[in-house]
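Accompanying notes for the structure given below.
This structure is a prediction, so every number in the text was calculated from the model and none was measured. Each chain gets a letter, A, B and so on, in the order the sequences are listed, and its residues count up from 1.
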Protein chains: 2
Amino acid sequence: MTERIHAVETVDVRFPTSRHRDGSDAMNPFPDYSAAYVVLRTTDGAEGHGLVFTVGRGTEIEVAALRSLGAMVVGLAVDDLVADPGALVQRLVGDSQIRWLGPAKGVVHMAAGGLVNAVWDLAARRAGQPLWKLLSDLSPEQLVAQIDFRYLRDALTEQEALALLRAAGPGRADRERRLRAGGFPAYTTTPGWYGYDDEKLVRLCREAVSDGYRLIKIKVGGNLADDVRRVRLAREAVGPEIHIAVDANQIWGVPEAISWMRELSAFDPYWIEEPTSPDDVLGHAAVRRALAPMKVATGEHVHNAVMFKQLLQADAVDVVQIDACRVGGVNENLAILLLAAKFGVPVCPHAGGVGLCEMVQHLAMFDFVAVSGTVEDRYIEYVDHLHEHFADPVRIRDGHYLAPTAPGMSAEIFPATLAAYRYPDGPEWAAA
Amino acid sequence: MTERIHAVETVDVRFPTSRHRDGSDAMNPFPDYSAAYVVLRTTDGAEGHGLVFTVGRGTEIEVAALRSLGAMVVGLAVDDLVADPGALVQRLVGDSQIRWLGPAKGVVHMAAGGLVNAVWDLAARRAGQPLWKLLSDLSPEQLVAQIDFRYLRDALTEQEALALLRAAGPGRADRERRLRAGGFPAYTTTPGWYGYDDEKLVRLCREAVSDGYRLIKIKVGGNLADDVRRVRLAREAVGPEIHIAVDANQIWGVPEAISWMRELSAFDPYWIEEPTSPDDVLGHAAVRRALAPMKVATGEHVHNAVMFKQLLQADAVDVVQIDACRVGGVNENLAILLLAAKFGVPVCPHAGGVGLCEMVQHLAMFDFVAVSGTVEDRYIEYVDHLHEHFADPVRIRDGHYLAPTAPGMSAEIFPATLAAYRYPDGPEWAAA
């Protein structure tokens, strides 16, 4: 009997994080970290979990998109689906009517990504492997077949991608061993949320260093005097050896980003993240030229591989920040990892939010084992919020993500959490 | 008594255009032209109509977004709203939680645009003016105050925008007179839909010329031999003096676009439209350099002013194709018109679909009267589908759009049409 997807379930789940200003930044002062959550259920009782991270209002729109696209998944044969998730990408992202609402961007693209990620979760569970290991064991040919090269060939051809993956073949087993032993470097954003006062900022900076982090991140962009004071306090708290990245969350235009960051350059920022609109490839390039050698980072809002391609072609970024939930799922992130490798730019994933750490660690670890072959200048963002709601939460030791061992992509939220925080009728919200 | 918005109504309306392959192209073989339709109702019985054009599946997602954002409009004071629609843009596009789903792109951005356009429709109705006239009579200062310059100043400052508008002051009355007398040049896409056979193509090409059009458009990109034959037939049918634009609807990557269009260059195409991904600014620039002096056009899928800014900065386009429903409404299109004027690139709006001709003509006519001051190299796309469903349909005479005279933005669809084509329960669909 052919097993099939018999149901696609969705949940609007929201956590009232704005009450303590966890996650606050210059652009987003009061986020309620949320997710449009999705579960694929098969006729033989297996499950694939995925989610799209959101920050409160509008999650219901993302859930509507997951429902519409999810209807295209119901009835598909599980063996075909897990053998070739790329075919589903074509079906969802390439749908000739739905693509008008993108193409390949925003609400519908993230919904496609959520479903595609759920398929990879299902595939990894069936294989009995954590996703990073499943991906690392695929052949170069299998990996390349999962990528849509239509709009990428002027920067990366199938042949170049194969050559990159084959070149990373030697040493794979050794890197896997090192990963399982010591994990992958993390950096922490916990000290630097915009809504925290100076005392809390300094205390959390010191804790981060004693917890083993070599890179921390501070939110900037509200008021220049505040930024100067906060970044100086952070620098004094961590000393000269620890990297301090700063993150403006898109608050500036190009000229403003340049002049503002010149004021902060005295504190040796490791990178400036999201100095302006995530759509502004040429703007990022101008900021990078003006502030060199300061690094420029972006990616959490970069909506697809075509945009990452241009950021790399234009020499606009020093750090590529992939996100597990922004683009069209694992497949498009494979393309972005290979583009970054082709251009020699390190990937430091965006994480935090709801489940982003859990999901994206698999992609960074795959990148280390099977693509870039190094952890030099590479860090996965870490924020210590909400992990207690996940069935396979991230494990951090001495400033490193430990490699997941449970089968899947680690996106599963406990049923009790989904029930408690379901919006608007879960008891955590109904009581508010 | 302060009048307020007391209701925001939405309708999912779909026309079964795929049955005759009207609107078919290489990327979109079977579109069902549709709209997420919205009506603002005020406490004193006035109305503002807007819509987001879609092509079938997924319209329900756009309607969900209109409902979510529409809830933020209910209760607002009408006088404030129509005096400053830009404040609503900030509220909808800048909402700190909803912007995670964009920012400024895709489903949520088009919903914001639909609501903003409905406010302008309401404002123009209250003023008793067609929108093009209302806009043309605003002062340079009033117009500039309606634009968000945050991410645009590296290409266009408030001062430069004011200077452009002031420079267009002389001659405004004369241009308005010429517009009312002779209209604005149109081009027609009616002959060139991908699903039409050769006989229909040739017949419609000849009719277009005898109807007074000087520019027609042919869809390309499926099969090279077919394209060569179809464009040759079109050229033979219209003779050497009529412009033939070709439109690939994003089907190609960059190298393929260049090689394919070299094969079609023998037939003197006036422009190549959407040669590749609408997100690929650098790709468009590469195509343009390789094919010069052939013109490159794009815009119907260019999701915001930051992308248009870059297309202009990178010398990537010869023709800016604004769309009434893709970006954040009239306000963002004002920014795009001013950017195009700054860079000296003509604006030839995308239209067709459902209501796009009706709405975008107002923007092109405003551009002529108050910004660019010329119709040279400027044409509004025209397709003769579905106008019979509009209360104030476009009027075409001798290849020109005649200036609307009814108050508003011409977006209103007849209630009987909404009832008949409402999806999925209207009789046109329930019977299918």
Donor-acceptor pair, side chain of B:T17 and main chain of B:P31, under 3.5 angstrom: yes

Under 4.5 Å from a heavy atom of chain B, the part of A:V281 involved: both

Distance-only polar pair, side chains of A:E332 and A:H109, donor-acceptor under 3.5 Å: yes

Region of A:H303 that comes under 4.5 Å of a non-hydrogen atom in chain B: side chain

salt_bridge(A:D315, A:R288) N-O dist < 4.0 Å: no

Part of A:P255 within contact of chain B (heavy atom distance under 4.5 Å): side chain

Most contacts with chain A, counted as non-hydrogen pairs under 4.5 angstrom, among B:E60, B:Q250, B:E62: B:Q250

Option in A:R153, A:Q310, A:M110 with maximal non-hydrogen atom pairs under 4.5 Å from chain B: A:Q310

Part of A:F30 within contact of chain B (heavy atom distance under 4.5 Å): backbone

With A:F15, the ring pair (Phe, Tyr, Trp, His ring centres under 6.0 Å) member among A:Y421, A:Y33, A:W429: A:Y421

Interface moiety of A:P103 toward chain B, non-hydrogen atoms closer than 4.5 Å: both

Among the listed options A:D279, A:T276, A:N304, the residue most often paired with chain B at heavy-atom distances under 4.5 Å: A:D279

Aromatic ring proximity, centroids under 6.0 angstrom, B:W252 and A:Y151: no

Within 6.0 angstrom of A:R91 CZ, more than 12 heavy atoms from elsewhere: no

Residue among A:D95, A:L152, A:V108 with most heavy-atom pairs under 4.5 Å to chain B: A:D95

Residue A:M307 versus chain B: region with a heavy atom under 4.5 Å: side chain

Winner by heavy-atom pair count (cut-off under 4.5 Å) against chain B, out of A:L282, A:T54, A:I98, A:T59: A:L282

Pairs of heavy atoms under 4.5 Å with chain B: top-ranked of A:K309, A:R99, A:Q313: A:R99

Test item: A:K342 side-chain N/O and A:E160 main-chain N/O as donor-acceptor pair under 3.5 Å: no

A:I251 versus chain B, the contacting section by heavy-atom distance below 4.5 Å: both

For chain A, the option from B:V52, B:V55, B:V254 that forms the most heavy-atom pairs under 4.5 Å: B:V55

Which portion of B:A314 sits near chain A, non-hydrogen atoms under 4.5 angstrom: both

Residue pair A:E300, A:R326: steps toward the salt bridge (Lys or Arg N to Asp or Glu O under 4.0 Å) verdict: CA-CA 7 Å; A:E300 72 190 69; A:R326 177 65 55 188; over 6 Å; no

Part of A:D32 lying under 4.5 Å from any heavy atom of chain B: both

Interface residue of largest heavy-atom contact number with chain A, from B:S18, B:A64, B:A65, under 4.5 Å: B:A65

Pick from A:A111, A:S68, A:P278 with the largest number of heavy-atom pairs that fall under 4.5 Å of chain B: A:S68

Under 3.5 Å: donor-acceptor pair, side chain of B:E381, backbone of B:A351: yes

Test side-chain hydrogen bond (donor to acceptor under 3.5 Å, both in side chains) applied to B:Q321 and B:H301, B:E273, B:E274, the passing residue: B:E273

Test item: A:S34 side-chain N/O and A:R14 main-chain N/O as donor-acceptor pair under 3.5 Å: no

